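Computed from a predicted structure; not experimentally measured.
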Amino acid sequence: MSLVYNEEQQQLDDSARDFLAARSPVSEQRRIRDQQLPEGFDTSVWQQMLEFGWGGIALPEAYGGLEFGFQGFAPVFEHMGRNLAAAPLLSSIVLCASLIDEVGTEAQRAELLPALIEGRQRFALATQGQDRFRPEHLDVDVTEQDDGFLLGGEDLWVLDAQQADALLVAGRLISGETALFLVPADAQGLQIEPIHLLDSRNHARVSLHAVQLPAAARIGSVDAQAQLERALDRGAVCIAAELLGATAVMFEMTIEYLKTRTQFGAAIGSFQALQHRAGWMLVDLELARSAVMAGFEALNDDSLSVESRQQIVSLAKWKAGEAAHKISREAVQMHGGIGVTDEYDLGLYLKRSRVAQVLFGDSDFHCERYGRMAQQLFAETH
């Protein structure tokens with residue numbers, strides 16, 4: 001496993017650092033929150049991201065992509081975490097576009113992928129309605145009809161659903177197969193209601209009440225469960241990278257505070273007890289970084305079994321979440337009361353990290369899955 005970026009990743013790292021610091025700093029996220037923009041992000045910034053080619057990082061060149069592989073998203077999402085940058089890159093590209101690329105017909109890929117890469121369309125993935133993340137569980141029932149399909153499902157928690165052009169909905173056929181459907185945002189029977197969470201992002205509750213779709217609305221014709229779970233793993237690793245970036249900033253803010261805050265005539269960073277705690281924070285941060293980089297490598301390694309990929313992905317998401325939890329707590333404690341005030345940026349990082357920790361599976365889910373995959377791999381080799 002490489003612990004440094006390759007040349008392509010380094011180029012993306014440089015461009016993401018400069019662009020997001022200039023066009024999407026933390027102050028911009030405050031503005032978006034305070035103005036309550038329904039999209040939850042700045043559409044002009046999102047379009048510039050796509051002009052940089054971020055939408056095509058892992059998609060085939062034949063449809064306008066760059067074909068760097070999913071490792072290319074590592075530096076981008078880390079810097080999005082560092083700046084708390086809000087954008088539908090995860091929902092529309094990492095999840096929806098990758099699924100269409102894997103499951104869709106040639107005609108569907110040729111029509112939809114360029115539109116997503118260029119930003120002419122924006123999709124959101126609707127699959128989970130449970131309080132606990134369960135990739136194998138779908139909450140949309142599908143009835144096949146002579147002229148199409150009838151979809152029904154309640155209370156799906158969907159990222160970036162508000163103002164999306166369409167939803168990519170995963171449902172269960174009577175046969176037990178998983179099928180993907182493209183549901184226009186204005187489809188009769190589709191209801192999208194905003195959910196207000198700590199991070200003030202674009203979260204929505206989606207309900208489908210007897211939504212009628214033509215046969216052409218189905219993406220591909222195969223059982224898409226394996227592809228869906230792989231896409232959710234991609235989402236988990238990208239969120240882990242975002243957590244890594246946000247946690248790094250919380251650590252840096254804390255170290256700077258320890259250097260400048262004085263008590264009893266000395267900087268509090270000179271106190272040995274706080275130095276030890278800061279040292280453990282750095283250890284957790286670096287362990288999380290290595291786990292996240294391993295997660296991105298696993299997404300690109302076709303030689304890995306499903307069990308091995310899921311184990312490495314779970315390690316990345318678990319470790320990034322645990323590091324975020326520990327370092328954010330230490331950061332707040334060392335800052336004192338100012339650490340949780342709305343005027344201080346640390347509070348915004350804390351809120352976003354708490355939501356990101358549960359996206360695509362919390363620590364309990366990934367710890368349990370890691371152990372289950374380890375048992376299966378052990379049984380296969382003994």
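R230 and Q227 form no side-chain donor-acceptor contact under 3.5 Å, judged by distance and modelled atom types alone. In summary, the side chains of D13 and Q9 do not present any donor paired with an acceptor at a separation below 3.5 Å, with no hydrogens or angles considered. Side-chain contact, Q191 with S207: no donor N or O sits under 3.5 Å from an acceptor N or O. No hydrogens or angles considered: nothing links the side chains of Q275 and S270 as a donor-acceptor pair under 3.5 Å. Using a 3.5 Å distance cut-off with no hydrogens or angles, the side chains of E380 and Q376 do not pair a donor with an acceptor. Judged purely by distance below 3.5 Å, without hydrogens or angles, the side chains of Q128 and H137 never pair a donor atom with an acceptor atom.
Put simply, the side chain of P114 reaches to within 4.5 Å of the side chain of R120, judged on heavy atoms. Side chains of Y63 and L116 form no contact here, defined as non-hydrogen atoms less than 4.5 Å apart. Between S91 and L125, every side-chain heavy-atom pair lies at or beyond the 4.5 Å cut-off. Contact check for L285 versus L244: side-chain heavy atoms found under the 4.5 Å cut-off. Side chains of M253 and E256 form no contact here, defined as non-hydrogen atoms less than 4.5 Å apart. Using a 4.5 Å cut-off on side-chain heavy atoms (C-beta onward), V249 and V26 make no contact. No side-chain heavy atom of P60 sits under 4.5 Å from any side-chain heavy atom of R109. Taking the side chain as every heavy atom from C-beta outward, R122 and D160 approach each other to under 4.5 Å.
Listed for the D141 side chain is no donor-acceptor partner under 3.5 Å among the backbone atoms of G152. The backbone N or O of A179 lies less than 3.5 Å from no partner atom in the side chain of R218, so there is not a single donor-acceptor pair. Side-chain atoms of T341 come within 3.5 Å of backbone N or O of I338 as a donor-acceptor pair. One N or O on the side chain of D223 and one on the backbone of Q225 form a donor-acceptor pair closer than 3.5 Å. Listed for the E8 side chain is no donor-acceptor partner under 3.5 Å among the backbone atoms of G72. Remark: side-chain polar atoms of R201 are not paired, donor with acceptor, to backbone N or O of V355 under 3.5 angstrom. With hydrogens and angles disregarded, a donor-acceptor distance shorter than 3.5 Å links the side chain of K317 to the backbone of G361. In terms of modelled atom types and a separation under 3.5 Å, the side chain of E67 and the main chain of E61 share a donor-acceptor contact.
Between R354 and D199 there is no salt bridge, since no side-chain N of the basic residue sits under 4.0 Å from a carboxylate O of the acidic one. For the pair R309 and E229, the salt-bridge criterion is not met [side-chain N within less than 4.0 Å of a carboxylate O]. The pair K326-E330 does not meet the salt-bridge criterion, since no charged nitrogen lies less than 4.0 angstrom from a carboxylate oxygen. At a threshold of 4.0 Å, the pair E28-R31 counts as salt-bridged, since one of the basic side-chain nitrogens sits closer than that to a carboxylate oxygen.
Considering all non-hydrogen atoms of both residues, V237 and V292 come closest at CG1-O, 4.2 Å. In terms of heavy-atom proximity, A16 sits nearest to P75 at CB-O, 4.4 Å. Minimum interatomic distance between A236 and V313 (heavy atoms only, all atoms of both residues): CB-CG1, 4.1 Å. Nearest approach of A224 to V103, heavy atoms of both residues: CB-CG2, 4.1 Å. Contact record, F123 with Q121: CE2-OE1, 3.6 Å, taken as the closest heavy-atom pair. Listed here is the closest heavy atom pair of A170 and L138: CB-CD2, 4.1 Å.
Connection of L159 to V45 is established within a shared hydrophobic cluster, with ILVMFWY side chains joined at heavy-atom distances below 4.5 Å, either directly or through further cluster members. Transitive grouping of hydrophobic side chains (ILVMFWY, heavy atoms separated by less than 4.5 Å) brings W157 and L168 into a common cluster. Linking ILVMFWY side-chain heavy atoms closer than 4.5 Å, directly or via other members, places L66 and V76 in a single hydrophobic cluster. Under the 4.5 Å side-chain heavy-atom criterion for ILVMFWY residues, no single connected hydrophobic cluster contains both L95 and F181. By the criterion of side-chain heavy atoms lying less than 4.5 angstrom apart, applied directly or through intervening Ile, Leu, Val, Met, Phe, Trp or Tyr residues, M80 is grouped together with V94 in one hydrophobic cluster.
Between W46 and F41, the ring-plane angle classifies as perpendicular under the 30° and 60° cut-offs. In this pair, H335 and Y344 present their aromatic rings tilted. The plane angle is within the 30 to 60° band. F271 and F264 have tilted rings, their planes meeting at an angle from 30° to 60° on a 0 to 90° scale. The aromatic rings of F70 and F73 sit tilted relative to each other, their planes meeting at an angle between 30° and 60°.
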- [ ] Start with the C-alpha distance between S290 and K319, add both sets of side-chain angles, then the distance that settles side-chain contact (heavy atoms from CB on, under 4.5 Å), and finish with yes or no.
- [x] CA-CA 10 Å; S290 62; K319 187 56 187 176; over 6 Å; no
- [ ] Please assess S314 against M373 for the test side-chain contact (heavy atoms from CB on, under 4.5 Å), listing each intermediate value before the final yes or no.
- [x] CA-CA 10 Å; S314 283; M373 293 302 104; over 6 Å; no
- [ ] Could you give me the CA-CA distance, side-chain angles and deciding distance for V169 and V206, then say whether side-chain contact (heavy atoms from CB on, under 4.5 Å) is met?
- [x] CA-CA 10 Å; V169 178; V206 172; over 6 Å; no
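In this structure, Q272 places its CD atom where only 12 or fewer heavy-atom neighbours from other residues, nucleotides or ligands lie under 6.0 Å away. Other residues, nucleotides and ligands contribute at most 12 non-hydrogen atoms within 6.0 Å of the CD atom of Q36. When the shell of 6.0 Å around CD of Q188 is examined, it contains 12 or fewer heavy atoms from other residues, nucleotides or ligands.
A side chain to side chain donor-acceptor pair (under 3.5 Å) with S24 holds for exactly one of H79, Q48, Q29; it is Q29. Of the listed residues (M334, E286, H276), just one forms a side chain to side chain contact (heavy atoms under 4.5 Å, CB included) with M281, and that residue is M334.
Residues passing the ring-ring contact (aromatic ring centres under 6.0 Å, His included) test with F68: none are found, sequence neighbours excluded.
If you take CD1 on I32 and OG on S27, they are separated by 9.5 Å, rounding to the nearest 0.5 Å. Once rounded to the nearest 0.5 Å, the distance linking CZ of R372 with SG of C367 reads 11.5 Å.
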